[in-house]
Participant: 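Handing you this structure, nothing more for now.
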There are 2 protein chains.
Amino acid sequence: MRRGAQAADRMSPLYAPGGLPRNYLRPCLLLLLAEGASHGYDLLEHIAQLGLERADPGGLYRTLRAMEREGLVRSWWEHSASGPARRTYDLTDEGLDWLHAWAGSLREVHRHLGGYLARYEVLERSASRIAP
Amino acid sequence: MRRGAQAADRMSPLYAPGGLPRNYLRPCLLLLLAEGASHGYDLLEHIAQLGLERADPGGLYRTLRAMEREGLVRSWWEHSASGPARRTYDLTDEGLDWLHAWAGSLREVHRHLGGYLARYEVLERSASRIAP
DNA sequence: CACCACTACCTGCAAGGTACACATAGCGGC
DNA sequence: GCCGCTATGTGTACCTTGCAGGTAGTGGTG
């Protein structure tokens, strides 16, 4: 490797690798809701495990409402004894269908990324053979 | 699976799973150019193997020029005996650094997707246990 | 009781990336 | 001369994303 880890230094927003799938928030929400009904704030804390560290609350709530408009999820208010009321979400049959569709897509992406990385490692190996 | 493959029917651009990484074009071009100098039209035909089927030529040329402005690639004109002149691209050292950075990011994404799919399959298995 | 922290939900906006259509030009075949 | 293929680009409208802000209820502390 030439000039070390220099590239990581100037991580300007323009060029920085981000790389998570487009619309990744949607399949994440579909999966979590397929595992059980939940509310926004709770989902916000669980999507981090799926790769979305520091997700934006605004985007999350917006996406949930959009998915409700599209019929993928249902919601109702739940008034708990302590704390503010929360809107609890639940997957519809159509939402489940979309989860399956997304899972298929993401499996494809996973496969493609595997191919990319394999090809990259071939390059790496041949480079280290020249300069070990 | 309920109601079959119904979800695939109304693939409106709004809700359709697409799912390739954001900015995926860039790491693809970096990888291909790391494998050897090439020109736009040729790259266009090769990125399909990496997951970008039917990629848009406009975006590709724009991205190449942007990467040149950023110093990731160099380019020069090559006049062949037959057909129009082509602009040939070549990776710079900085471009190679970015390829490494991208590969790291994509490896992370690959891992996260693996986690997602594993979690999805757990769900699938428990669903098929109820309705086989 | 005034104040602050925490949970919880929601809106507005600017920047950036993507998709689609379109424009140009050289060359070869009919 | 016209069409199709290679090859490189521009214009633009749309969507997503990230960030900043704004409301509200509850509980604890001085």
Side-chain angles (χ1 to χ4, degrees), chain A residues 11-29 37-48 51-70 73 75-89 102 105 109, chain B residues 11-29 37-48 51-70 73 75-89 102 105 109:
Chain A
M11 280 286 187
S12 98
L14 262 164
Y15 323 134
L20 276 168
R22 281 198 291 282
N23 282 328
Y24 188 49
L25 186 56
R26 271 165 179 269
C28 284
L29 294 175
S38 181
H39 60 99
Y41 198 86
D42 184 58
L43 292 164
L44 193 63
E45 286 176 334
H46 282 92
I47 46 176
L52 288 155
E53 339 262 338
R54 70 181 205 294
D56 142 61
L60 180 122
Y61 289 114
R62 223 180 304 135
T63 303
L64 281 172
R65 303 306 294 275
M67 287 164 69
E68 187 167 26
R69 278 196 307 276
E70 294 157 19
V73 300
S75 79
W76 59 92
W77 283 102
E78 258 181 21
H79 300 271
S80 74
S82 75
R86 51 179 66 159
R87 189 188 285 273
T88 303
Y89 289 89
W102 266 105
S105 272
V109 174
Chain B
M11 281 285 188
S12 98
L14 262 165
Y15 323 133
L20 276 169
R22 280 196 290 278
N23 281 329
Y24 188 47
L25 185 57
R26 271 165 181 268
C28 284
L29 294 175
S38 182
H39 60 101
Y41 197 87
D42 183 60
L43 292 164
L44 194 63
E45 286 175 336
H46 281 92
I47 47 176
L52 288 156
E53 340 263 338
R54 70 182 207 292
D56 140 62
L60 182 123
Y61 289 113
R62 224 194 318 263
T63 303
L64 282 172
R65 304 305 294 276
M67 285 164 68
E68 186 167 25
R69 280 197 305 277
E70 294 157 20
V73 300
S75 81
W76 59 94
W77 283 102
E78 259 180 20
H79 300 270
S80 74
S82 75
R86 49 179 65 161
R87 188 189 286 274
T88 303
Y89 290 89
W102 267 106
S105 272
V109 174

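In what follows, chains are A, B, ... by sequence order, proteins preceding strands, each numbered from 1. What you see is a predicted model; the values in this text were computed from it and never measured.
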Participant: Indicate yes or no for a side-chain donor-acceptor contact from B:N23 to the backbone of B:R26 under 3.5 Å, with no hydrogens or angles considered.
Facilitator: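 Not confirmed, B:N23 side chain does not pair with B:R26 backbone.
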
Participant: To the nearest 0.5 Å, what is the distance between NE2 (B:H39) and CG (B:L44)?
Facilitator: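 It is 10.5 Å, given to the nearest 0.5 Å.
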
Participant: Atom CD of B:E53 to atom P of C:dC20: distance rounded to whole Å?
Facilitator: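 After rounding, the reported distance stands at 14 Å.
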
Participant: For A:R87, answer base if it contacts any base atom (sugar-phosphate contacts may also be present), sugar-phosphate if it contacts only those atoms, and nothing otherwise; contact means non-hydrogen atoms under 4.0 Å.
Facilitator: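 It contacts sugar-phosphate atoms only.
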
Participant: So B:R62, base contact, sugar-phosphate only, or nothing? Heavy-atom distance under 4.0 Å.
Facilitator: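 Base contact - B:R62 has a heavy atom under 4.0 Å of at least one base atom.
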
Participant: Which nucleotide sits closest to the side chain of B:P57: D:dT8, C:dC10, D:dG25?
Facilitator: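 Of all the options, the side chain of B:P57 is nearest to D:dT8.
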
Participant: State the OH-CZ distance between A:Y24 and B:R22, to the nearest 0.5 angstrom.
Facilitator: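 Spacing of OH (A:Y24) from CZ (B:R22) equals 11.5 Å.
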
Participant: Report yes if a donor N or O on one partner sits less than 3.5 Å from an acceptor N or O on the other, where the partners are the side chain of A:R54 and the base of D:dG18; otherwise report no.
Facilitator: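 No such pair is found, so the answer is no.
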
Participant: Between C:dG16 atom P and B:N23 atom CG, what is the distance in whole Å?
Facilitator: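 So the CG-P distance, B:N23 to C:dG16, works out to 12 Å.
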
Participant: Between C1' on D:dG18 and CG on A:L52, what's the gap in Å once rounded to a whole number?
Facilitator: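 Atom-to-atom, A:L52 to D:dG18, this comes out as 13 Å.
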
Participant: How many whole angstroms separate atom CG of A:L44 from atom C1' of C:dT7?
Facilitator: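 In whole Å, C:dT7 C1' lies 11 Å from A:L44 CG.
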
Participant: Using atom OH of B:Y24 as one end and atom P of C:dG16 as the other, report the distance to the nearest whole Å.
Facilitator: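 Spelled out: OH on B:Y24 to P on C:dG16 is 24 Å.
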
Participant: A:Y61 has an atom OH; how far is it from atom C1' of D:dC19, in whole Å?
Facilitator: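 A:Y61 atom OH is separated from D:dC19 atom C1' by 16 Å.
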
Participant: Nearest heavy atom decides the nucleotide; on that basis, is B:R22 or A:E45 closer to the 5' end of DNA chain C?
Facilitator: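 By nearest-heavy-atom nucleotide position, the 5'-most residue is A:E45.
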
Participant: Can you identify which nucleotide, out of D:dA20, C:dC9, C:dT7, has its nearest atom closest to the A:D56 side chain?
Facilitator: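 So the nucleotide nearest the side chain must be D:dA20.
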
Participant: To the nearest Å, give me how far apart CZ (B:R65) and P (D:dG11) are.
Facilitator: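 It is 13 Å, rounded to the nearest whole Å.
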
Participant: Return the nearest nucleotide to the side chain of A:Y89; candidates are C:dG28, D:dT6, C:dC10.
Facilitator: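 Taking heavy atoms from C-beta onward, the closest nucleotide is C:dC10.
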
Participant: Got a second to check how far A:R62's CZ is from A:D56's CG, nearest 0.5 Å?
Facilitator: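 Nearest 0.5 Å value for the CZ-CG distance: 6.5 Å.
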
Participant: Could you tell me the separation between the CG atom of B:L20 and the CG atom of A:L20, rounded to the nearest 0.5 Å?
Facilitator: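 One finds 12.5 Å between CG of B:L20 and CG of A:L20.
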
Participant: Which is true for B:G59 with a 4.0 Å heavy-atom rule: it touches a base, it touches only sugar-phosphate, or it touches nothing?
Facilitator: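 Answer is nothing: B:G59 stays at 4.0 Å or more from every strand.
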
Participant: Over how many whole Å does the gap from A:L64 atom CG to C:dC10 atom C1' extend?
Facilitator: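 One finds 12 Å between C1' of C:dC10 and CG of A:L64, rounded.
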
Participant: C:dC27, D:dT8, D:dT16: which one has an atom nearest the side-chain heavy atoms of B:S82?
Facilitator: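 The answer is C:dC27.
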
Participant: Pick the closest DNA chain D nucleotide for B:A85 and for A:P84 by heavy atoms, then say which residue is nearer the 5' end.
Facilitator: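 Mapping each residue to its closest nucleotide by heavy atoms, the 5'-most match is B:A85.
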
